[in-house]
Amino acid sequence: MIPPPNVTDVLHMGHMLNNTIQDILIRKARLDGKNACWVPGTDHASIATEAKVVRWLREEKKLRKADLSREQFMEYAYQWKDKYGGIILQQLRRLGASCDWERTAFTMDPSYYNDVIRVFVDLYRKGKLYRGLRMVNWDPEAKTVLSNEEVLYNEEQSELFHIKYLLEGSATEGIVIATQRPETIFADVAVAVHPKDPRYSHLVGKNVLIPLIDRPIPVIADEYVDVEFGTGALKITPAHDPNDYEIGQRFNLPIIDTIDDDGRLNSQCAYAPIVGMDRFAARKHVKPALEASGHLVKIEDYRTKIGRSERTNSVVEPKLSLQWFVRMSELGEPALRAVLDREVQFFPDHFQNLYRNWMENLRDWCISRQLWWGQRIPAWYLKSDGLYKETHIFVAETAEEALEQAREATGNKQLSINDLRQDEDVLDTWASSWLWPISVFDGFSQPDGEIKYYYPTSVLVTGWDIIFFWVARMIMAGYEYMGQRPFQAVYFTGMVRDQKRRKMSKSLGNSPDALKLLDDYGADGVRYGLMSSAAAGGDILFDDKLCENGRNFCNKLWNALRLVKGWQVSDSAENTDEARKNALAVQWMREKFKQTLGEVDANFRSFRLSEALLALYGLIWDDFCSWYLEMIKPGFEKPIDRVTYEATLDLYADLMVALHPFMPFITEEIWHQLRERAAGQDCMMQQYPKSNGIIENEIIDRMNAYTNVVSASRDIRNQYQIKPKEEWQLFVQNTDSAKKLYEITGSGNIVAKLAHTSSVELTDSAPPNSIQFVSGSEQYYFLPKPENTTFDFAVDTAAEKEKILKELEYQRGFVKSVEAKLANERFVKSAPPHIIENERKKLSDGLARIKTLEESLEKIN
RNA sequence: GGGCGCAUAGCUCAGCUGGUUCAGAGCACCUGCCUUACAAGCAGGGGGUCGGAGGUUCGAAUCCUUCUGCGCCCA
């Protein structure tokens, strides 16, 4: 499942990471022979898009939203969407995203829109959707509700009033509360203290009187109260503060709403002198009154965050308003169980703790938004009831149906559509995107169609920041409407951060230009860069350097192609000997490939994609390029034998298929360059190489021994400043193990070729003037060819001796620890057999090595 | 206040079921090489005892407890 990006989005780092991961999974699935489907699309993103449209209207069309009708606005909004929306889908193609483009969906497509409405009606009929009070951000100037995003918080200077509420029946005893809003004390319904606060415990349960009006209210105890803040006593005003509202609900307290839509005190306010005044004027008025009555203890200067309307800059008033809610209790239960039972598996799995914590504390979901861009709520009210006082609600998919309901309910057959008013609000964006896995396969309108084939889907890839907004709700919708999970696995990506660990965002301006990155490093380079350090769930600190690695890797791949394609191929008979010698390298490379594929497969199964990529990177760069190609590379201006050449092309092509999910462009290109391909034959449609079959560890160990000898001789060249290309001689002490090591055809050739020696020969005695070294448990001698008398060098015996002594010391310590382990009865008794076996082998290898080292030391002496 | 996570090389991070594929990768650094695929490269090299303390175990970077220092989410 693709998380649909907002229709307003342009490609940024988060999208690139997210979609690269999805593309890797989808390409791998395709190569594994599965019918992989990846539905792309966009989300209408009500708030973000509406804000953009409003700005566009203001700047381009010189129009204000307030001057437009809803219909006009929507027309403009669709115009905007057609012109500027969905750019991101084009940009995703550049990244290589192999979506099923003909399936592109949009959460406001007519059919999708209908699904959302259908679900709303259905939930309402099932009693899982209701209308209730909720605290919203109210702009008293614009007289509109603001979304959280439209409220700007800034520190401002304010005053904290300490006001004494007298205990009922007492002239002196009382409780002092601290508030910034003395004009709201007439809406108070309680005073709350912390249950463990000794200062007030004796007052809990008693009544205190609101100053100036002397209305009694109870003193209650609640954990919410901060003992440190103010006086530790909090006035509870459910109508004018969200937290107070919560406490009021818990204690079943009444709600007294004293402020009208325009910010003026209304008749609910029992203190007559301020009724009709603006809230700030009222505050000014209350101050001297409290002072005169002796209730005002003191006023403190106070800095606090004040929320102001983005549009009018007026101070936002928390206000209770009627909103639509989805009842979460029943929906949440199966969704929680699904994750706990691993019906839906999270990667990394610790996110299920976060999920559980949230799901066990579910609050009902407010799904109405005071916007126009979105699915309009399909609820109608009788106009005669008056705005916001609706007692008759008709929820239906169409206005006609609602009218029908209204006629029936009122018994008035004469009602017309003009007597009804449709709810002005639209639905929360997530109330459409939670249906994505069902709706994109037409699951609601054609329940027996392709939804049957594609649902449940396999994997969802998304950021953990929307685990509640989106993931949890899709799971809920899945069980509610399909009776089963929407996906088997959820892969959580981390956030892309910059070098200072800040989240990359447009407002900070710290996000690299995604398109420029693609230009600079190529899509494959960027994909490599993103993936090489992106373990599931972990944030990635993005650095261009990572993409540089990716680009360099592409370059490496390309150069290897140049090398291989530059070879002349010979079919002549004398090359069969060459082929026999090369067979060892070919066989080794195949085993190594198989071994790595095993790791890659395991990594894919557990979504360790960066591990899989790094395994392939190492295989291709080190094993294939640095070792294998050098082993089989023909001499200057010499041809390569046909057998080895063909085997190499096959290996190379298979490597490209294996790497293809990660770097689709270059692998496709190289795959085509390697051989003539029939039309329609593509790398992306091949079969992923199989890791099955037993791995011949013996050949891998053997090759390890050879490459160690090569490395040791290169080290010596470095030390003695011997030119890499200068041909020397290499002898190995004639022992049973040495004979065995070099009995295989081609083994000596490989070592001699890579170490640039004329050959590797067995010798019974140390050749004079040779440099000794030990590799594995063999003793080697390295010396110039006899004719190369010009070469002037002296063996640094002291240094050689020191090196051997150091190595001896290490090996002896090593053997000692292994011996101690094996002598430990409890170890031998309780450790699994293969561990013990391994320890025994370590011991014998170590002992053989010590023996060789000791002999080597003697020779030097 | 509740919850989640992190601490391993100079930097960014891997390290799965506890055991020589356990201390690893890339970058950075040092030495030598423009070697007839590749200087965006090649060949070598130095560098960490796995945040501190305790415990479980024959055996701990890995499991448990605790402390310290960070980061995030919810309130």
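If you're wondering where the values come from, they're calculated on a predicted model, not measured in any experiment. A, B, ... follow the sequence lines: proteins, then strands. Residue 1 opens every chain. Keep in mind that the numbers below use all heavy atoms, side chains included, and drop hydrogens, waters and symmetry copies.
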Give one of base, sugar-phosphate or nothing for A:Asn838, where a contact means two heavy atoms less than 4.0 Å apart.
sugar-phosphate
State, without any angle test, whether A:Arg562 and A:Asn559 hold a side-chain donor-acceptor pair at a distance under 3.5 Å.
yes
Tell me the interatomic distance from A:Leu613, atom CG, to B:rG26, atom P, rounded to whole angstroms.
13 Å
I'd like the P distance from B:rG19 over to B:rA61, given in whole Å.
10 Å
Just by modelled atom types, is the A:Gly776 backbone N or O under 3.5 Å from a matching donor or acceptor in the A:Arg849 side chain?
yes
Any side-chain N or O of A:Asn549 less than 4.0 Å from the OP1 or OP2 oxygen of B:rA25?
no
When the P atoms of B:rU62 and B:rG52 are considered, how many whole Å apart are they?
10 Å
From CD of A:Glu837 across to P of B:rG19 the rounded distance in Å is 19 Å
B:rU12 and B:rG48, which share atom name C1', separated by this distance in whole Å
15 Å
What nucleotide among B:rU35, B:rU20, B:rG5 has an atom nearest to a side-chain atom of A:Asn353?
B:rG5
Parallel, tilted or perpendicular: ring planes of A:Trp621 versus A:Phe553, cut at 30 and 60 degrees:
parallel
May I have the distance from A:Phe492 (atom CZ) to B:rC4 (atom P), rounded to whole angstrom?
16 Å
For RNA chain B, what dot-bracket results from Watson-Crick or G-U pairs at under 3.5 Å, with [ ] for crossers and | for inter-strand partners?
(((((((..((((.....[....)))).(((((.......))))).....(((((..]....)))))))))))).
Donor-acceptor check, side chain of A:Arg717 to backbone of A:Glu726, threshold 3.5 angstrom: yes or no?
yes
Taking atom P in both B:rC74 and B:rU66, what distance in whole Å separates the two?
27 Å
Result for 5'-nearest mapping on RNA chain B, choosing between A:Glu637 and A:Phe814, is A:Phe814
Passes salt bridge (charged side-chain N to carboxylate O under 4.0 Å, His left out), A:Glu246 versus A:Arg363? Steps please.
CA-CA 12 Å; A:Glu246 295 283 316; A:Arg363 292 150 159 258; 3.4 Å; yes
Mind listing the N/O atom pairs, protein and nucleotides 29-34 of chain B, below 3.5 Å?
none

Contacts of A:Phe665 meeting side chain to side chain contact (heavy atoms under 4.5 Å, CB included) (sequence neighbours excluded), chain-then-number -> A:Ala523, A:Asp524
Aromatic plane relationship, A:Phe469 with A:Trp430 - under 30° parallel, 30 to 60° tilted, over 60° perpendicular:
parallel
Using 30° and 60° as the class boundaries, would you call the ring planes of A:Trp464 and A:Phe351 parallel, tilted or perpendicular?
parallel
Distance, P atom - from B:rG24 to B:rC16, rounded to whole angstrom:
15 Å
Separation of B:rG44 P from A:Lys725 NZ (nearest whole Å)
15 Å
Could you tell me how the ring of A:Phe468 sits relative to the ring of A:Trp358: parallel (under 30°), tilted (30 to 60°) or perpendicular (over 60°)?
parallel
Take atom CD in A:Glu802; do more than 12 heavy atoms of anything else shown fall under 6.0 Å from it?
no
Residue met sooner reading RNA chain B from 5', once A:Ser711 and A:Glu599 are mapped to nucleotides
A:Glu599
How would you label the contact of A:Leu354 with the nucleic acid (heavy atoms, under 4.0 Å): base, sugar-phosphate, or nothing?
nothing
Distance check, P atoms only: B:rG1 and B:rG18, in whole angstrom units.
35 Å
Rounded distance in Å - CD1 (A:Ile835) to P (B:rC22)
12 Å
List every contact pair, protein side and nucleotides 56-63 of chain B side both N or O, where the distance is under 3.5 Å.
unit_1 : atom_1 : unit_2   : atom_2 : d
B:rC58 : O2'    : A:Asn824 : ND2    : 3.1

Using the P atom on both, measure B:rU57 against B:rG15 and round to a whole Å.
28 Å
Which is true for A:Tyr528 with a 4.0 Å heavy-atom rule: it touches a base, it touches only sugar-phosphate, or it touches nothing?
nothing
Taking atom C1' in both B:rU31 and B:rC67, what distance in whole Å separates the two?
45 Å
Quickly work out the A:Arg717 CZ to B:rG45 P distance and round it to whole Å.
15 Å
So A:Lys545, base contact, sugar-phosphate only, or nothing? Heavy-atom distance under 4.0 Å.
sugar-phosphate
Rounded off to whole Å, could you give me the CH2-to-C1' distance for the A:Trp358 and B:rC74 pair?
11 Å
Does a side-chain N or O from A:Arg356 land closer than 4.0 Å to OP1 or OP2 of B:rG3, or not?
no
Exactly one candidate in A:Pro238, A:Pro318, A:Cys366 meets side-chain contact (heavy atoms from CB on, under 4.5 Å) with A:Met135; the answer is A:Pro318
Under-4.0 Å salt bridge between A:Arg675 and A:Glu646:
yes
List in chain and number order the residues that pass side chain to side chain contact (heavy atoms under 4.5 Å, CB included) with A:His194, two or more places apart in sequence or in another chain; answer none if no residue qualifies.
A:Lys196, A:Asp197, A:Glu223, A:Val225, A:Val227
Evaluate the ring planes of A:Phe347 and A:Phe607, with Trp represented by its six-membered ring, and classify them as parallel (under 30°), tilted (30 to 60°) or perpendicular (over 60°).
tilted
Output, in order, the C-alpha distance, side-chain angles, deciding distance and verdict of side chain to side chain contact (heavy atoms under 4.5 Å, CB included) for A:Tyr628 and A:Asp623.
CA-CA 6 Å; A:Tyr628 174 75; A:Asp623 296 318; over 6 Å; no
Mind calculating the distance between NZ (A:Lys842) and C1' (B:rU21) to the nearest angstrom?
12 Å
Does atom CD (A:Glu809) have a neighbourhood of more than 12 heavy atoms from anything else shown, all under 6.0 Å?
no
Please enumerate all protein N or O atoms sitting under 3.5 Å from an N or O of nucleotides 37-40 of chain B, with distances to 0.1 Å.
unit_1 : atom_1 : unit_2   : atom_2 : d
B:rA37 : OP1    : A:Lys633 : NZ     : 3.3
B:rA37 : O2'    : A:Asn559 : OD1    : 3.1
B:rA37 : O2'    : A:Arg562 : NH1    : 3.4
B:rA37 : N6     : A:Cys625 : O      : 3.4
B:rA37 : N6     : A:Glu630 : OE2    : 3.1
B:rA37 : N3     : A:Asn559 : O      : 3.1
B:rA37 : N3     : A:Ala560 : N      : 3.3
B:rC38 : O4'    : A:Asn559 : OD1    : 3.4
B:rC38 : O4'    : A:Asn559 : ND2    : 3.3
B:rC38 : O2'    : A:Asn559 : ND2    : 3.2
B:rC38 : O2     : A:Lys556 : NZ     : 2.9
B:rC38 : N3     : A:Lys556 : NZ     : 3.0
B:rA40 : O2'    : A:Asn555 : ND2    : 3.4
B:rA40 : N3     : A:Arg551 : NE     : 3.2
B:rA40 : N3     : A:Asn552 : OD1    : 3.4

